[in-house]
Amino acid sequence: MIIYAFYGLGKTTFSQNNILCVDMDAEYYYFENKTMDGYVDRLKQLSDSGKIVFTNIRREIMNDNLVDMSFIPETINVSLKRMISRGTDSSFILELEARQEEIMNDLKIRFEKAIIIKDDEYISNYKDIIMQKYNALSQKGD
Amino acid sequence: MDKKEMQNIDKEIDNKQQELDKLMIQKQEIAAKRKEQMKEILLDALIIGAGGFKVRHGMTAPYSHGYYAQHEMMKEFCKPVTCDSVWTSNIPELLYKYLEGKGWTDADYEELKVKSDSLWSQMPDKYDATLYEPSKTYLHGNHVASGYEVDGFYNIVKGRCGGTYSSMTTTTQNDLSRELIILKGYCAEEFLSKRLRVTSTEDVLKAVYQRHGIDSDFSSADGWAENNPTRCMADNKYYKS
């Protein structure tokens, strides 16, 4: 199962606390590999092996129907506040701030059925829904 | 052989040695000059984006963005372009050494020079308001000035050549990189970040130059350029006014 989550919504924390989950952060993948080649295949591979895979994949390499579930912030500020508080580099914050309208429009178009994360919420608030979806997909796969 | 003949031979050897030393010095001077020319070709290529070389904007670390010099095929060479006016010499120096290791020859440099010159010759040479009108495309709002225009510096200072964050950082041409290079790379990323928050480009430039103790009186932009030739490369083609 592949889950898209925008920055700062709690995918890393959720993944660290759930043995079934893997956090496939696209930023780190690109920095380590100097390319996004192989990223989508890796997501699928992990998903096929029974993992719940979190991704913040950029639209440039995203295929239709790649993700089974998605989480986006109610406004960009939900993510920005959390990223600032955890010390994310200002160059990255700046980019999100500067492109917020474009980013939010894009997210809403790309993830029509996304769960909207509000200011006081995290992905972990939706653990039951994630597990229900995971179980349903697993049974379907069987 | 008598003593005099021996002395003559010794003298001749000394003369030949001196000639050889002179030739060696000349050879070193020619090599140094050649190296400077090669570095100039590399800087030129980086600025115009020729032969796969380019100053890019993008990820410098996970969740960090900035400017860096890179070749599209030799990605292992990647050097940050930062708040440092000497990067225009440091990066070509490092790149020269890197390419030396790759076996680059005079022919490779000549080929690169031809590509750079061709791109430079295609550049518009005058500010054209219609060129900088907001674009209707979704991602890239405006073109940004490049400063190579006859009156480019003036129009940069007056903020007539702004762009969106996307157009300033991610367009193929990456005009802003050239603009910042023209401004001698003074605080490239700061310039970018401040310009997004402060409406006047002139104010940003004033603040940056004031901090560096550089004349920041832009009451006459072209006058400033004339008074500060090393700040905008006024001596060569990167800035014309």
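What you see is a predicted model; the values in this text were computed from it and never measured. Every chain is numbered from 1 and lettered A, B, ... according to where its sequence line falls, protein lines coming before strand lines.
Counting only heavy atoms from C-beta outward, the side chains of A:Leu107 and A:Pro73 approach each other to under 4.5 Å.
At a cut-off of 3.5 Å, with distance as the only test, no side-chain donor of A:Asn135 or A:Ser138 sits close to an acceptor on the other residue.
When each of A:Met83, A:Glu27, A:Glu32 is scored by its heavy-atom pairs under 4.5 Å with chain B, the top score falls to A:Glu27.
No more than 12 heavy atoms of other residues, nucleotides or ligands sit less than 6.0 Å from atom CD of A:Glu112.
Nearest approach of A:Leu9 to A:Phe71, heavy atoms of both residues: CD1-O, 3.5 Å. Nearest heavy atom pair, residue A:Asp23 against residue A:Lys11, reads OD1-NZ, 3.3 Å.
Proximity to chain B is limited to the side chain of A:Tyr7, based on heavy atoms less than 4.5 angstrom apart.
Atoms CG and CD1, from B:Asp117 and B:Ile41 in turn, are 8.5 Å apart once rounded to the nearest 0.5 Å.
Within residues 40-56 of chain A, the residues having any heavy atom closer than 4.5 Å to a heavy atom of chain B are A:Asn56, listed by residue number.
Between B:Glu76 and B:Lys102 there is a salt bridge, since a side-chain N of the basic residue sits under 4.0 Å from a carboxylate O of the acidic one.
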